[in-house]
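Inspection log for the structure reproduced underneath, given as structure tokens.
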Amino acid sequence: MSQRVVVTGMGAITPIGLSVEAFWNNIKKGTIGFAPITRFDASGYKASLAAEVKGFEGKNYMDAKAARRMELFSQYAVAAAKEAIQESGLILSKEDSYRIGTSIGSGTGSLQALEREHNKLLEKGPSRINPLFVPLMITNMAAGNVSIQFGLKGKSINVVTACSTGTNSIGEAYRSIQCGEVDVMVAGGTESCITELGVSGFCSLTALSSESDPTRASIPFDKDRNGFVMGEGAGIVVLESLEHAKKRNAKILAEIAGYGTSSDAFHITSPAEDGAGAARAMENAVKEAGLDFSEIDYINAHGTGTHHNDLFETRAIKLAFGDAAKTVKISSTKSMIGHLLGAAGGVEFITCVKSIQEGYLHENVGLRETEPEMDLNYLKEGVYQKVHTAISNSFGFGGHNATLLVKEFIE
């Protein structure tokens with residue numbers, strides 16, 4: 001029998017807050033996290049702004065020695081996982097550790113380690129490469145380090161689907177619990193690639209905004225949008241089977257009721273122009289939940305602020321939702337925190353859960369005017385209302401489409 005899956009804990013490291021509470025309070029204020037890049041001299045780059053995590057110290061979340069053996073993307077994951085596990089109330093010493101797994105992905109792993117060691121190779125030769133270079137760099141080390149830090153011995157996976165990574169990671173964790181492989185999964189995405197290689201690579205793709213005004217740099221669905229602002233951070237959640245959560249009297253935050261995926265099979269960077277692939281992911285999630293599209297209150301859009309993504313996602317919503325497309329409320333969290341790449345889906349899923357918990361849908365900060373074909377209900381100001389159901393969309397280079405449907409928990 002298929003297990004119902006619920007959310008019992010959440011943790012976040014973001015450009016506008018180092019906890020879920022701090023993040024959410026700033027979301028409600030419409031705070032933007034964009035500022036000139038400080039990680040390196042970006043004066044010669046087309047993009048001068050980023051959404052950097054500020055004030056983070058790994059040693060505040062873990063043993064200092066352990067922190068030194070992790071790159072930032074892994075540190076962010078461990079910090080967010082710690083908050084999520086604490087909120088869940090799980091007493092790990094009383095649990096069967098082989099029934100608790102991890103599903104945490106990163107799109108790039110550590111570009112910092114790659115740049116650092118490559119420079120060392122060129123300047124000092126191969127004998128000077130750090131023996132830990134590979135385990136510091138590779139993307140699965142976020143999941144590995146979280147499992148080590150908390151003693152989680154169940155299924156441990158690293159899903160990498162570019163900007164869909166966080167959403168797919170949570171979705172695959174949901175499936176793992178649903179079919180009985182595990183009782184609990186610590187799941188989400190993490191990223192830290194505001195580096196010379198990372199920024200120059202996305203600049204070369206013309207994906208990053210060249211705007212120097214932070215208030216106009218990340219403006220999803222606006223007619224003047226010209227790319228995304230690179231962000232960083234982590235969004236991690238604790239998922240449990242309903243049976244396991246009830247057995248320990250856990251506080252249930254929300255329920256995952258649907259997960260949809262598809263592939264555009266179209267282009268390595270551009271979404272399919274008709275939105276059919278993204279529409280199918282949404283259709284699969286809503287169908288699994290047994291709902292009608294008219295019952296969806298909110299879409300947390302992928303909404304990157306690039307010309308193609310926002311237009312084609314709009315077409316996808318129209319294709320999937322039909323008449324209901326005109327009324328469903330839509331906003332992009334990237335208008336405040338930029339694009340967290342592999343971590344985006346994790347943080348945006350948390351946004352959906354908070355929206356349901358608190359009955360608040362945030363605005364698209366900076367949105368002034370759209371364009372004729374983009375005529376849906378993109379929120380220009382925050383709305384307080386009862387939120388029963390929400391979907392979170394993520395679309396990644398390579399044509400990866402992923403949608404999670406989360407709803408208010410009802411017995």
Side-chain angles (χ1 to χ4, degrees), residues 2 4-7 164 167 170-171 174 178 220-221 242 252-262 264 271-272 274-303 309-333 335 345 348-364 367 370-395 401-411:
S2 180
R4 289 174 70 183
V5 179
V6 295
V7 184
S164 294
T167 299
I170 294 171
Y174 161 68
Q178 203 178 37
F221 306 111
L242 176 58
I252 294 171
L253 308 179
E255 179 176 3
I256 299 183
Y259 170 47
T261 59
S262 72
D264 284 342
D274 60 359
R280 177 60 67 93
M282 288 184 267
E283 288 163 2
N284 289 349
V286 173
K287 181 179 179 181
E288 182 181 9
L291 297 173
D292 186 85
F293 279 97
S294 62
E295 297 176 274
I296 307 303
D297 297 312
Y298 173 60
I299 299 172
N300 189 289
H302 188 54
N309 176 90
D310 296 1
L311 176 60
F312 300 164
E313 184 171 9
T314 295
R315 290 175 181 170
I317 292 167
K318 290 179 178 181
L319 196 58
F321 276 70
D323 292 341
K326 293 287 187 183
T327 54
V328 67
K329 295 179 174 68
I330 303 166
S331 63
S332 171
T333 307
S335 65
E348 290 159 12
F349 177 82
I350 288 170
T351 302
C352 289
V353 174
K354 293 300 289 184
S355 297
I356 290 167
Q357 283 186 295
E358 299 201 9
Y360 178 76
L361 301 175
H362 73 72
E363 66 193 287
N364 291 283
L367 176 58
T370 58
E371 53 199 55
E373 190 178 343
M374 291 167 52
D375 53 357
L376 301 182
N377 191 6
Y378 319 106
L379 295 175
K380 290 185 178 178
E381 55 184 45
V383 176
Y384 283 94
Q385 68 166 68
K386 183 68 177 172
V387 182
H388 300 283
T389 57
I391 65 173
S392 180
N393 283 337
S394 293
F395 313 128
N401 303 308
T403 298
L404 285 164
L405 188 150
V406 61
K407 67 178 186 180
E408 174 188 19
F409 172 71
I410 299 170
E411 276 288 352

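Just so it is clear, the values below take in all heavy atoms, side chains as well, and ignore hydrogens, waters and symmetry mates. Predicted model only: the values in this text are computed from it and were never measured.
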message: Is there a side chain to side chain contact (heavy atoms under 4.5 Å, CB included) between Gln357 and Val353? Walk through the geometry before answering.
response: CA-CA 6 Å; Gln357 283 186 295; Val353 174; 4.1 Å; yes
- request: Could you check Asn309 against Phe395 for side chain to side chain contact (heavy atoms under 4.5 Å, CB included), going step by step and ending with a plain yes or no?
  value: CA-CA 9 Å; Asn309 176 90; Phe395 313 128; 3.9 Å; yes
task: Would you please test Ile170 and Ile256 for side chain to side chain contact (heavy atoms under 4.5 Å, CB included) and show each step?
output: CA-CA 10 Å; Ile170 294 171; Ile256 299 183; 3.9 Å; yes
- prompt: Under the side chain to side chain contact (heavy atoms under 4.5 Å, CB included) criterion, do Leu291 and Ile296 qualify, and how do the steps go?
  reply: CA-CA 8 Å; Leu291 297 173; Ile296 307 303; 4.2 Å; yes
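Within 6.0 Å of CZ in Arg280 there are 12 or fewer heavy atoms belonging to other residues, nucleotides or ligands. Annotation for Glu381: atom CD does not count as buried by contact number, only 12 or fewer foreign heavy atoms lying within 6.0 Å.
Of the inter-residue distances, the one linking Met282 atom CE with Asn401 atom CG reads 8.5 Å to the nearest 0.5 angstrom. The structure places NZ of Lys380 at 13.0 Å from CZ of Phe221, a figure rounded to the nearest 0.5 Å. Annotation: the span from Glu373 atom CD to Thr314 atom OG1 amounts to 7.5 Å, rounded to 0.5 Å. Here OG of Ser335 is found 6.0 Å from NE2 of His362. Values are rounded to the nearest 0.5 Å. Taking OG of Ser394 as the reference point, atom CZ of Phe349 lies at 11.5 Å (rounded to 0.5 Å). Going from atom OH of Tyr174 over to atom OH of Tyr259 covers 10.5 Å, rounded to the nearest 0.5 Å.
When side chains are defined from C-beta on, Lys318 does not count as touching Met374, because their heavy atoms never get closer than 4.5 Å. Contact annotation: the side chain of Ile330 never approaches that of Leu379 to less than 4.5 Å [non-hydrogen atoms, C-beta and beyond]. Residues Lys354 and Ile350 form a side-chain contact, since some pair of their non-hydrogen atoms from C-beta on lies under 4.5 Å apart. In this structure, the side chains of Tyr378 and Ser331 stay at 4.5 Å or more apart for every pair of heavy atoms. Within the 4.5 Å cutoff, no side-chain heavy atoms of Ile356 are placed close to those of Leu253. Contact annotation: the side chain of His388 never approaches that of Lys407 to less than 4.5 Å [non-hydrogen atoms, C-beta and beyond]. Contact of the Asn300 side chain with the Thr333 side chain is registered, since non-hydrogen atoms from C-beta on lie closer than 4.5 Å. Using a 4.5 Å heavy-atom threshold, the side chains of Ile317 and Ile299 count as touching.
The two atoms that bring Phe409 and Arg4 nearest to each other are CE1-NH2, 3.7 Å, heavy atoms only. Of all heavy-atom pairs spanning Cys352 and Tyr298, the tightest one is SG-CE2, 4.2 Å. For Lys329 against Asn377, the heavy-atom pair with the smallest separation is CG-ND2, 3.5 Å. Summarising the geometry of Val5 relative to Gln178, their closest heavy-atom pair is CG2-N, 4.0 Å, with the distance given to 0.1 Å. Contact detail for Gly345 and Thr167: the closest heavy-atom pair is CA-OG1, 3.3 Å. Between Ser262 and Gly277 the shortest heavy-atom distance is OG-O, 2.5 Å.
Checked for salt-bridge contact, Lys386 and Asp297 miss the test: no charged N lies under 4.0 Å from a carboxylate O. Taking a cutoff of 4.0 Å between a charged side-chain nitrogen and a carboxylate oxygen, Asp292 and Lys287 do not qualify as a salt bridge.
Here the side chain of Glu313 pairs a donor or acceptor atom with the backbone of Gly303 at under 3.5 angstrom. Ser392 places no side-chain N or O within donor-acceptor distance of the main-chain N or O of Leu404, the cut-off being under 3.5 Å. Using modelled atom types, one side-chain atom of Thr389 and one backbone atom of Glu295 make a donor-acceptor pair closer than 3.5 Å. Counting only distance, with no hydrogens or angles, the side chain of Thr327 and the backbone of Ala324 share a donor-acceptor pair below 3.5 Å. Judged by distance alone, with hydrogens and angles left aside, the side-chain atoms of Asp264 form a donor-acceptor pair with the main-chain N or O of Ala272 at under 3.5 Å. In this structure, the side chain of Asn364 engages the main chain of Ser332 through a donor-acceptor pair within 3.5 Å.
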